[in-house]
There are 2 protein chains.
Amino acid sequence: MKTTIKDIAESTGLSITTVSRVLNGKAEQYRISITTQENIKETAKKLNYVPNQFAANLKSGKSKTIALILPVLSNPFFASIASEINLLMYKHGYMTILTDCDENIDIENATLNKIQSYNIEGLLIAPSGDKYEKILYLHDTGLPVVCIDRYFEGLDIPYVATDNYAGAYSATEELIKKGHKNIVCIQGNKESSPNRQRVKGFQDALMKANITQATVQGDAFSMENGYIETMLILKGKNIPTAIFTLSNTIALGCMKALKEENIKIPEDISLITYDNSLYFDFLKTPLSSIEQPLSEISKIAVRILMAKINGEELHSTQIFLNPEIIIRDSVKSL
Amino acid sequence: MKTTIKDIAESTGLSITTVSRVLNGKAEQYRISITTQENIKETAKKLNYVPNQFAANLKSGKSKTIALILPVLSNPFFASIASEINLLMYKHGYMTILTDCDENIDIENATLNKIQSYNIEGLLIAPSGDKYEKILYLHDTGLPVVCIDRYFEGLDIPYVATDNYAGAYSATEELIKKGHKNIVCIQGNKESSPNRQRVKGFQDALMKANITQATVQGDAFSMENGYIETMLILKGKNIPTAIFTLSNTIALGCMKALKEENIKIPEDISLITYDNSLYFDFLKTPLSSIEQPLSEISKIAVRILMAKINGEELHSTQIFLNPEIIIRDSVKSL
DNA sequence: AATAATAGCACAAACGCTTGCGCATTTCAT
DNA sequence: ATGAAATGCGCAAGCGTTTGTGCTATTATT
């Protein structure tokens with residue numbers, strides 16, 4: 001049997017009220033004597049008391065819990081974000097309920113429903129698709145919501161993301177600068193805002209350079225997609241001189257296909273990718289990439305969320321961070 | 001205002017009891033008519049009803065929630081495990097509260113305290129240190145607990161881990177087979193069981209081959225540790241012919257140091273590491289490694305946990321899985 | 001027609017905690 | 001000595017559910 005506040009009350013001969021107040025640090029406020037406070041705290045320790053959050057939250061409505069919903073944790077990009085956010089929230093005294101949606105909108109929706117049952121005080125989400133109804137509903141309901149990485153254009157839901165357009169633009173520029181004109185872009189989840197922005201950046205950069213051919217193919221932020229699309233590219237008639245992959249996972253699949261087909265980077269084909277990885281420096285051909293400020297994204301997202309939770313007014317809640325291009329050796333100068 | 005079961009009761013003219021029963025699928029059991037059932041379900045939808053878990057859990061004591069406590073999510077090894085477990089538990093109808101302890105025993109302890117407040121039904125943990133008191137206490141208390149990857153020797157807490165001894169042994173054997181005699185092992189967290197087992201496997205393999213020199217250094221499963229220790233090795237007088245790193249993160253740090261010092265793998269020094277990575281195939285020198293069965297670990301851990309939660313008897317709850325050695329090109333034959 | 005079953009639902013307590021209010025008792029000022 | 005203020009604490013309602021028990025119609029049985 002777990003010991004409750006009542007046991008402490010009985011054991012000390014004090015009332016439940018007083019015990020609750022002492023244990024919640026409201027002793028001063030209610031003028032509980034030091035003696036009583038110590039007495040209560042001691043017997044709480046002695047009885048191994050652990051408060052029941054469910055009971056506390058039921059009454060107070062505060063859960064000290066937030067939800068973090070991500071498309072997929074096995075992608076290092078999201079894993080890092082999860083790691084940071086988790087730690088930051090912990091420092092703010094919050095628990096994090098995490099859900100990996102497996103890029104599945106149904107799981108996301110079910111989770112979104114379920115978390116409401118937990119009286120969460122905030123929601124941090126990188127949406128798996130472009131269905132915003134539920135999220136918007138929660139937001140309108142007054143729940144502090146912050147989108148991470150992926151967001152919804154035109155809505156006033158706070159978000160923090162990198163400037164995907166700029167990142168893709170500069171990656172493409174880099175290719176063009178090195179003389180590439182026949183470039184194909186392997187994209188990810190078409191329903192996600194980062195993907196749309198990146199594709200747009202890619203296309204606009206080409207257009208600016210008067211390159212009319214702008215092939216964009218693929219449909220998932222996955223290694224498999226990268227592999228398949230690369231194979232398709234290699235087996236086609238018009239093989240490009242460069243590939244731009246829109247995520248680290250896609251890049252991995254792409255490299256796998258290239259390796260199998262014995263195509264050398266950058267001699268035979270150039271490659272640049274969105275997302276950075278610690279491994280990129282050590283690859284056979286160090287991979288040029290667009291690095292997102294992971295740590296900053298997490299910090300700002302938490303900052304905004306906490307502000308919302310605490311009712312603080314923020315000047316701006318829709319934040320774009322600048323990605324950085326890291327030039328390594330995977331793009332050949334034609 | 002959130003709609004409660006009471007609102008539904010009022011709206012339908014039925015009692016709270018009946019509403020609760022219908023909504024919990026206990027209609028048959030209490031012979032609630034189909035008409036009533038449908039009526040209740042419909043108005044529940046109409047009113048946008050979301051059950052309050054806190055209230056439900058308070059009464060029932062069941063939370064449909066488990067806790068997953070990991071040392072650090074940014075390590076792909078744990079990220080993958082988190083991803084899988086999260087999904088599996090979701091399919092079992094459970095929410096997962098995740099905590100990234102940052103390899104910090106204090107955070108772990110605080111978390112362990114806190115989760116009790118959440119009436120969690122199970123605990124999945126890869127301990128950050130070797131302090132088992134709290135975990136053992138929870139286990140003895142009747143809470144289903146399963147250790148992942150790291151476990152406590154001599155206790156009967158269930159665990160699922162890879163056979164770290166065997167993995168390290170075979171990695172070392174591989175080095176010896178290729179003629180290496182001067183090998184140093186860069187270890188991780190000395191307080192963790194995998195580290196101890198791996199070090200032992202390393203030492204035993206050397207002993208078996210009558211190699212008396214067995215240097216083991218370092219103290220963290222981190223890139224930084226790998227970097228520093230490698231630098232130390234390179235600056236020393238007796239430079240080994242091979243390095244065995246005990247994790248992917250350590251290997252990364254090691255490679256960084258080697259690159260900076262312009263030491264080539266495997267020409268100048270051989271390297272083999274514990275943990276596999278999707279990137280290993282694409283490295284400048286594809287890295288030989290010991291692969292752990294990530295997916296199986298997660299599945300079995302969840303299987304055991306669910307069995308415990310459901311009061312099912314299991315034949316064995318302390319499981320070792322076999323790691324696999326993947327030979328690539330990072331070990332030179334002397 | 002009288003009794004027994006069954007169907008269909010409601011009462012009310014309880015889960016462990018928070019909190020607005022209020023009541024003694026003591027201390028202080030005058 | 002007396003009223004006012006301060007001190008120290010308890011009452012009891014209520015948060016939204018679940019659940020053992022029991023009550024009333026309706027139907028079946030003979």
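Everything quoted here is computed from the prediction, not taken from an experiment. To find a chain, count down the sequence lines: A is the first, B the second, and so on, and within it residues start at 1.
- The base of D:dC11 is paired with the side chain of A:Thr17 by a donor and an acceptor separated by under 3.5 Å.
- Regarding B:Asn52, its CG atom lies at a distance of 12 Å from the P atom of D:dC15, rounded to whole Å.
- Residues B:Ala55 and B:Gly13 each lie close to DNA chain C; by heavy-atom proximity, the contact nearer the 5' end of the strand is made by B:Gly13.
- A distance of 8.0 Å separates CD1 in B:Ile66 from CG in B:Leu123, rounded to the nearest 0.5 Å.
- Counting any heavy atom pair closer than 4.0 Å across all strands shown, B:Ser20 reaches a base atom.
- Rounded to an integer number of Å, the gap from CD1 of B:Ile5 to P of C:dA10 is 12 Å.
- Among the protein residues, A:Ile16 comes within range of the nucleic acid bases, having at least one heavy atom under 4.0 Å from a base atom.
- The aromatic ring centroids of B:Phe77 and B:Phe221 lie 6.0 Å or more from each other.
- Between B:Thr18 and C:dA10 there is a side-chain N or O to OP1 or OP2 distance below 4.0 Å.
- Taking every side-chain heavy atom of A:Ser60 into account, C:dT19 is the closest of D:dT17, C:dT19, D:dG10.
- For B:Arg21 against D:dG20, a side-chain N or O and a base N or O form a donor-acceptor pair under 3.5 Å.
- At C:dT18, none of the side-chain N or O atoms of A:Lys26 fall inside 4.0 Å of OP1 or OP2 (strictly under the cut-off).
- Residue whose closest nucleotide on DNA chain D sits further toward the 5' end, between A:Ser33 and B:Asn57: A:Ser33.
- Between B:Tyr30 and B:Lys59, the residue whose closest nucleotide on DNA chain C is further toward the 5' end is B:Tyr30.
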